[in-house]
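Heads up, the thing below is written out as structure tokens.
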Amino acid sequence: QRPAFLQTLSGRCGLGSLMTSSFADACSADMDGDANVVDVYGLSGLLCQVSVDLCTSAASVKQRIACDVGVPIEEQRLLLGLRPLEDCELLPPGARGLTLVRQPRAEAAERHVDLASAPEASRSDRSVVLAAV
């Protein structure tokens with residue numbers, strides 16, 4: 001039986017075929033293992049550090065940031081490098097730093113920018129990506 005959080009991720013994110021039993025077993029086993037620390041940066045510098053394991057989702061990191069820093073989950077956008085993370089994504093192994101961009105609720109609801117169709121030069125420009133999220 002998969003842990004509840006894996007079932008939730010699997011259903012919400014359409015990851016049914018990716019969430020194999022061996023992956024679920026690895027995640028369950030890692031929950032008791034050593035945690036790594038990911039630094040969370042804002043535009044002004046380091047905001048907090050979050051302990052993560054093999055199966056930590058972006059949504060879980062957002063919950064921890066909300067508790068540590070006080071930024072509501074709905075206003076958080078997390079970037080791994082230049083790429084925005086979806087709530088259902090698991091942090092990749094070896095992730096050491098994330099960037100938090102705060103987006104007011106009204107803006108989050110009315111603004112959606114599709115970076116996938118933007119030219120490569122725009123997608124690789126950090127200021128353009130930060131403005132888009």
Side-chain angles (χ1 to χ4, degrees):
Q1 178 95 24
R2 291 182 188 164
F5 78 94
L6 285 177
Q7 291 175 349
T8 301
L9 285 176
S10 175
R12 187 172 7 141
C13 301
L15 299 174
S17 61
L18 297 176
M19 302 300 274
T20 64
S21 61
S22 61
F23 180 79
D25 293 343
C27 287
S28 299
D30 191 60
M31 289 174 69
D32 297 325
D34 295 330
N36 294 317
V37 174
V38 172
D39 296 328
V40 179
Y41 296 93
L43 297 178
S44 61
L46 183 66
L47 295 173
C48 65
Q49 294 182 317
V50 177
S51 293
V52 298
D53 58 33
L54 177 66
C55 299
T56 301
S57 68
S60 177
V61 172
K62 286 182 175 185
Q63 289 175 340
R64 295 174 195 176
I65 292 169
C67 291
D68 291 352
V69 181
V71 176
I73 293 171
E74 307 82 41
E75 297 180 17
Q76 295 181 33
R77 292 288 295 178
L78 288 177
L79 302 176
L80 178 62
L82 295 174
R83 188 175 66 80
L85 290 174
E86 297 298 325
D87 288 346
C88 59
E89 286 187 70
L90 299 178
L91 295 184
R96 296 286 180 238
L98 299 173
T99 302
L100 172 67
V101 178
R102 187 171 185 171
Q103 186 173 20
R105 290 180 197 188
E107 286 183 33
E110 67 186 44
R111 185 172 76 173
H112 174 74
V113 176
D114 183 18
L115 289 176
S117 61
E120 177 62 32
S122 296
R123 288 186 307 213
S124 62
D125 185 335
R126 183 176 176 87
S127 62
V128 170
V129 173
L130 290 173
V133 296

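Side-chain atoms are counted along with the backbone in the values below, which use heavy atoms only and exclude waters and symmetry mates. Since we're looking at a predicted model, the values are computed, not measured.
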- Under 3.5 Å: donor-acceptor pair, side chain of K62, backbone of Q76: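 Between the backbone of Q76 and the side chain of K62 there is a qualifying donor-acceptor contact (under 3.5 Å).
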
- Query: Judged by atom type as modelled, is there a donor-acceptor pair below 3.5 Å linking the side chain of E89 to the main-chain atoms of E86?
  - Reply: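 Looks like yes, one N/O pair under 3.5 Å.
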
- Query: Should L47 and I65 be marked as a side chain to side chain contact (heavy atoms under 4.5 Å, CB included) after you check the CA-CA gap, both sets of side-chain angles, and the distance that decides it?
  - Reply: CA-CA 9 Å; L47 295 173; I65 292 169; 5.9 Å; no

- Message: Let's go through L46 and V40 carefully: what are the C-alpha distance in whole Å and the side-chain angles of both, what is the deciding distance for side chain to side chain contact (heavy atoms under 4.5 Å, CB included) to 0.1 Å, and is it a yes or a no?
- Response: CA-CA 6 Å; L46 183 66; V40 179; 5.7 Å; no

- May I ask whether V61 and V69 are part of the same hydrophobic cluster, defined by side-chain heavy atoms of I, L, V, M, F, W, Y residues being less than 4.5 angstrom apart, directly or through others?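 Yes: a chain of side-chain contacts under 4.5 Å links V61 to V69.
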
Once rounded to the nearest 0.5 Å, what's the spacing between atom [atom1] of [X] and atom [atom2] of [Y]?
| X | Y | atom1 | atom2 | result |
| --- | --- | --- | --- | --- |
| S60 | D87 | OG | CG | 10.5 Å |
| L90 | L85 | CG | CG | 10.5 Å |
| R77 | Q103 | CZ | CD | 6.5 Å |

Heavy atoms, side chains only, cut-off 4.5 Å: are [X] and [Y] in contact?
| X | Y | result |
| --- | --- | --- |
| L79 | L98 | no |
| L78 | T99 | no |
| C48 | R64 | no |

- Message: Just to verify, what does Q63 make a side chain to side chain donor-acceptor pair (under 3.5 Å) with, not counting sequence neighbours?
- Response: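 With sequence neighbours excluded, Q63 shows a side chain to side chain donor-acceptor pair (under 3.5 Å) to no residue whatsoever.
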
- Query: Testing N36, L80, V38 for side-chain contact (heavy atoms from CB on, under 4.5 Å) with R96, which one passes?
  - Reply: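 In the set N36, L80, V38, the residue that makes a side-chain contact (heavy atoms from CB on, under 4.5 Å) with R96 is N36.
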
